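A short write-up of the structure that comes next.
Just so it is clear, the model here is predicted, and its values are computed rather than measured. The analysis underlying the following values was restricted to heavy atoms, covering all of them including side chains, and did not include hydrogens, waters or symmetry mates.
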Amino acid sequence: MSLFETKVEIAPAGAAAADELLLEHGRENWSVLEDVIVRRAWLVGIGQDEATARAEWTSLEPLLGGAGVAVLAPAVCRVLGDADWRDSYKAHFHAWQFGRLHWVPVWEKATFLLPPGDAVLWLDPGLAFGTGNHETTRLCVERLVTLAAGEIRKLDTLRVIDAGCGSGILALSAALLGFREISGFDNDPEAVRVSEENAALNGLAGRVAFRVGDLVSGLAGENGRGDVVLANIQADVLMRFAGELLAAVAPGGVLILSGILAHENAQVRAVFAAAAPGWRIEHREMGEWSDVLLRRPV
């Protein structure tokens, strides 16, 4: 299948603002690429057809102007074969590790040496979904690894819910770390399909129950509460559905929130603190992004 790439050069000073805008508006099939050596940056979008790609750019261009991001050249749209799509990621996606969990691009599978006792999640970039390189995803997986390492109870007795699972890599990471019952849902059927593909790629087919659902229907459809509930979603959505997210956490369990810009963190914490008196709250920052962890009393 051929895809269509829309590539637009932007001022490098606006790269961070462009990245923030894409996340806030849910443009998951768009990304910002930077070459820090030559000080150039581009906005790149992938679409199923040329008409869709151009329409998305038409709607995105004024949003960039409103965010103060200067566009330096007209958009260029071209047919992008599967090999081109994969190769374009190789320059920007590399293996990384936190604790005993490694996230490794599948093209390194033949040469990667896994240390004894560690686990690896093989990642293959797919249409419209990320590979975990973003700070918001890393904040979540670092919380997962830390929880798994310090948990007193047996991991195989604990349940994980990934709300807004995207490409499924957080839920699949939980499976590799030893958590027992794991489910993930997303309001985009394509996300669920990609999640299942990633599960098969890692020999985890059927290990995680992926399905379509939003934060109301998805959480309502869960059979009981989660000991770990993950939600890597933009801040305004997290705050809007604070009640549903908190209600999904079992006594003694944790709620991990990400997708929160650092300057939004205090507001998010205030909303959740008001809705969950007595819960322990902490947060971290990674670059311009942050997370919030809430622990429910037993």
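- When each of I260, D291, V292 is checked for a side-chain contact (heavy atoms from CB on, under 4.5 Å) with L139, only D291 meets the rule.
- At a cut-off of 3.5 Å, with distance as the only test, a side-chain donor of E222 or S183 sits close to an acceptor on the other residue.
- Salt bridge annotation for E196-R193: absent, with no cationic side-chain nitrogen under 4.0 angstrom from a carboxylate oxygen.
- In this structure, S290 OG and H283 NE2 are separated by 7.0 Å, a value rounded to the nearest 0.5 Å.
- Under the 4.5 Å side-chain criterion, counting only non-hydrogen atoms from C-beta, V8 is not in contact with W42.
- Taking the side chain as every heavy atom from C-beta outward, E142 and V145 never approach each other to under 4.5 Å.
- The shortest side-chain heavy-atom distance between L245 and L294 does not fall under the 4.5 Å cut-off.
- Side-chain contact between L43 and L64: present, with at least one pair of heavy atoms (C-beta onward) separated by less than 4.5 Å.
- With a 4.5 Å cut-off on side-chain heavy atoms, L21 and W30 do not count as touching.
- Between S195 and N198, the side chains place no donor N or O within less than 3.5 Å of an acceptor N or O (distance only, hydrogens not considered).
- For the pair R54 and E50, the salt-bridge criterion is met [side-chain N within less than 4.0 Å of a carboxylate O].
- Using a 4.5 Å heavy-atom cutoff, the side chains of F241 and I233 are not in contact.
- Annotation for R180: atom CZ counts as buried by contact number, over 12 foreign heavy atoms lying within 6.0 Å.
- The minimum heavy-atom distance linking L246 with A275 is given by the pair CD1-CB, 3.6 Å.
- The side-chain heavy atoms of T52 and F4, taken from C-beta on, include no pair separated by under 4.5 Å.
- Few gaps surround CD on E285; more than 12 heavy atoms of other groups in view lie less than 6.0 Å from it.
- Between F210 and D162 there is no side-chain heavy-atom pair separated by less than 4.5 Å.
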